[in-house]
Amino acid sequence: MSEENTTERLDFVRTIVAGDNKTGKWGGKVITRFPPEPNGFLHIGHAKSICLNFGIATEFSGVCNLRFDDTNPTKEEQEYVDSIIEDVKWLGWEFGDGPLFASDYFKQMYDYAIELIKKGKAYVCDLTAEETREYRGTLTESGKDSPHRDRSVEENLDLFEKMKKGDFPDGSKTLKAKIDMASPNLNMRDPVMYRILHATHHRTGDNWCVYPMYDWAHGIEDSIEGITHSICTLEFENHRPLYDWFLDQLGIHHPQQIEFARLALTYTVMSKRKLLELVEDGLVNGWDDPRMPSLSGLRRRGFSPEAIRNFCKTIGVNKFNSTIDLALLEHCLREDLNKTSPRVMAVLRPLKVVIDNYPDGQVEELDAINNPNDESAGTRKVPFSKVIYIEQEDFMEEPPKKFFRLAPGREVRLRYAYFIICTDVVKDENGNVVELHCTYDPATKGGDAPDGRKVKATLHWVSDEKALNAEIRLYDHLFTKENPSDTKENHDFKSNINSNSLEVLTNCKVEPSLACAKPLDRFQFERLGYFCLDYDSSDGKLVFNRTAILRDTWAKLQKAQKKKS
RNA sequence: UGGGGAAUAGUGUAAUUGGUAGCACGAGUGACUCUGAAUCACUUAGUCGGGGUUCAAGUCCCUGUUCCCCAGCCA
């Protein structure tokens with residue numbers, strides 16, 4: 001650890017790791033793992049776990065394994081494996097030897113199971129799933145022993161062998177650990193270690209007819225890999241005694257399980273089930289819909305890996321459930337994008353402006369700064385001509401007090417171009433403003449007035465002559481409530497969906513430099529927000545996603561005024 | 001009503017293990033500004049309740065309250 005880090009306060013997990021390093025508990029080694037089940041896509045909540053595990057490994061000169069917990073072939077698919085690998089890499093983490101798989105340890109697990117049977121610590125049980133539930137008892141009443149609990153070792157060995165070979169139908173038998181049916185911890189009431197599943201596994205094919213349960217498999221996986229700190233979420237706290245029990249019975253390398261609280265965010269849901277429901281019900285357009293908290297969705301929305309990693313660092317880690325304000329995620333996003341995004345000009349809702357005293361047919365190439373926060377980003381040329389577009393909301397015929405922008409008779413600056421004064425307003429038959437006439441001051445070329453006069457506003461604009469058309473997708477919170485689960489009776493979280501979370505603008509004008517943008521390229525559209533090019537773009541058709549808006553004091557003012565009246 | 005966890009400004013998170021409750025986000029005010037952005041300055045607001053020990057308690061003791069997790073052959 002660097003000197004800077006030693007003064008930094010450690011979260012409770014890192015405190016444990018640092019303490020172990022100090023006492024030499026693991027011989028100075030730190031090995032963690034991120035163990036997703038390949039049955040769905042990763043989301044921002046997983047990012048918290050990923051950054052914790054990979055982050056700790058990095059900070060303590062250790063390693064972190066990406067290991068797929070693929071012990072349930074009925075739910076898992078290669079597609080998910082691929083996307084998870086992509087997402088972890090995109091976040092910027094490296095997992096040395098490539099991805100690992102629990103299924104690679106099936107034989108070892110099987111041998112360990114036989115060892116437990118021989119020790120009289122496991123038995124084959126013929127109880128059905130329903131009977132098992134009955135025998136387990138309840139939270140307040142202890143369970144009762146299975147009638148098969150005292151089978152001989154030989155019989156258990158024989159039966160288990162046959163289970164493995166596929167001699168019995170699914171659900172007819174299980175292998176259970178012989179622990180304590182009276183334990184107040186239900187996980188210790190003879191938990192199932194293996195179930196019979198005649199299913200094809202995405203990696204082991206039809207080699208196995210029995211598959212290990214999580215509790216049995218996970219500790220062994222950790223043990224085999226020499227994991228030192230097995231970091232998982234809070235709901236596994238009740239499982240720790242079982243994790244410990246299996247490893248103790250086997251007498252093998254015994255990592256320390258540490259539990260932390262999973263991430264919750266306002267205005268969104270995080271469970272795989274609910275996310276899947278949004279996709280299947282067509283409430284969003286797939287897992288990578290830019291409104292989704294999935295990593296693929298955030299990526300498509302325009303999030304940078306740095307922003308997400310920084311967010312994960314900022315939120316910390318603890319042992320109690322908390323809900324993080326989405327505003328914090330957005331802050332981390334803007335913080336990074338502000339530093340890294342090239343500025344360009346784009347007009348979302350164009351209002352045509354004719355500059356009456358500008359020469360017909362003339363096009364000037366004006367210098368514009370690519371990133372005021374990064375001199376090395378250089379400059380570019382933007383074309384200016386007689387007809388331009390400005391934002392509709394940058395003009396008001398009857399401006400209220402604090403409105404600084406264009407109005408009849410008022411002078412404003414066009415960014416990097418000229419000062420203009422509005423001389424005339426053209427309306428359609430419904431009274432809507434459809435066109436403005438202005439005059440410009442040639443002496444203000446570039447945006448500065450030689451006489452030193454000031455204007456209160458600077459507007460972004462795009463030249464009609466060279467403008468590119470674009471479709472721009474504006475996104476808002478997926479849900480109308482901070483907590484989507486806060487519903488009326490008989491309604492579920494989907495009743496809180498924000499029906500205005502997507503607005504598609506098709507008549508947008510963007511500056512010509514955007515012609516060579518590639519999908520996922522990020523930009524700041526000046527005065528509007530951060531945007532990124534969507535995959536849906538094709539030659540001649542630009543589609544942008546709005547990643548985030550810029551902070552907007554004027555909008556805030558308006559909102560406050562509206563509230564007052 | 002069994003067991004396992006947890007409670008610090010609106011939100012999130014620290015507090016050298018008993019010694020001035022700090023930081024970030026948000027909100028507000030002002031400065032600056034060729035982005036009403038960014039930046040900078042300032043302001044706002046907190047130890048779940050009640051007892052106790054102590055010169056001194058977020059921290060230790062007692063007690064109460066509230067919240068989360070567990071009865072898959074899911075992970």
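Just so we're on the same page: letters track the sequence lines, and every chain starts at 1.
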Legend entry - Ion pair A/Asp180/A/Arg189, N-O distance below 4.0 Å: no
Inset, instruction - Assign A/Tyr416 to base, sugar-phosphate, or nothing according to its heavy-atom contacts below 4.0 angstrom with the strands shown. - result: base
Inset, instruction - Scan A/Arg551 against the nucleic acid and name what it touches under 4.0 Å (heavy atoms): base, sugar-phosphate only, or nothing. - result: sugar-phosphate
Inset, instruction - Return the 5'-most residue of the pair A/Thr458, A/Phe12 with respect to RNA chain B, ranking by each residue's nearest nucleotide. - result: A/Phe12
Legend entry - Along RNA chain B (nearest heavy atom to each residue), the more 5'-positioned of A/Asn373 and A/Phe320: A/Phe320
What interatomic distance, in whole Å, is found between [atom1] of [M] and the corresponding atom of [N]?
N	M	atom1	answer
B/C42	B/C61	C1'	43 Å
B/A27	B/A7	C1'	25 Å
B/G3	B/A14	P	30 Å
B/A41	B/U8	P	29 Å

Inset, instruction - For B/A41, give its Watson-Crick or G-U wobble partner with both distances under 3.5 Å, or none. - result: B/U29
Legend entry - Base of B/G36 and ring of A/Phe404 stacked, centres under 5.5 Å, planes under 30°: yes
Inset, instruction - May I ask you to verify if any side-chain N or O of A/Arg262 is less than 4.0 angstrom from the OP1 or OP2 atom of B/C69? - result: no
Legend entry - B/A38 OP1/OP2 closer than 4.0 Å to side-chain N/O of A/Arg334: no
Legend entry - salt bridge (Lys or Arg N to Asp or Glu O under 4.0 Å) assessment of A/Glu277 paired with A/Arg273: CA-CA 6 Å; A/Glu277 232 175 296; A/Arg273 196 205 94 227; 3.5 Å; yes
Inset, instruction - Could you tell me whether A/Tyr418 and A/Tyr440 have their ring centroids closer than 6.0 angstrom? - result: yes
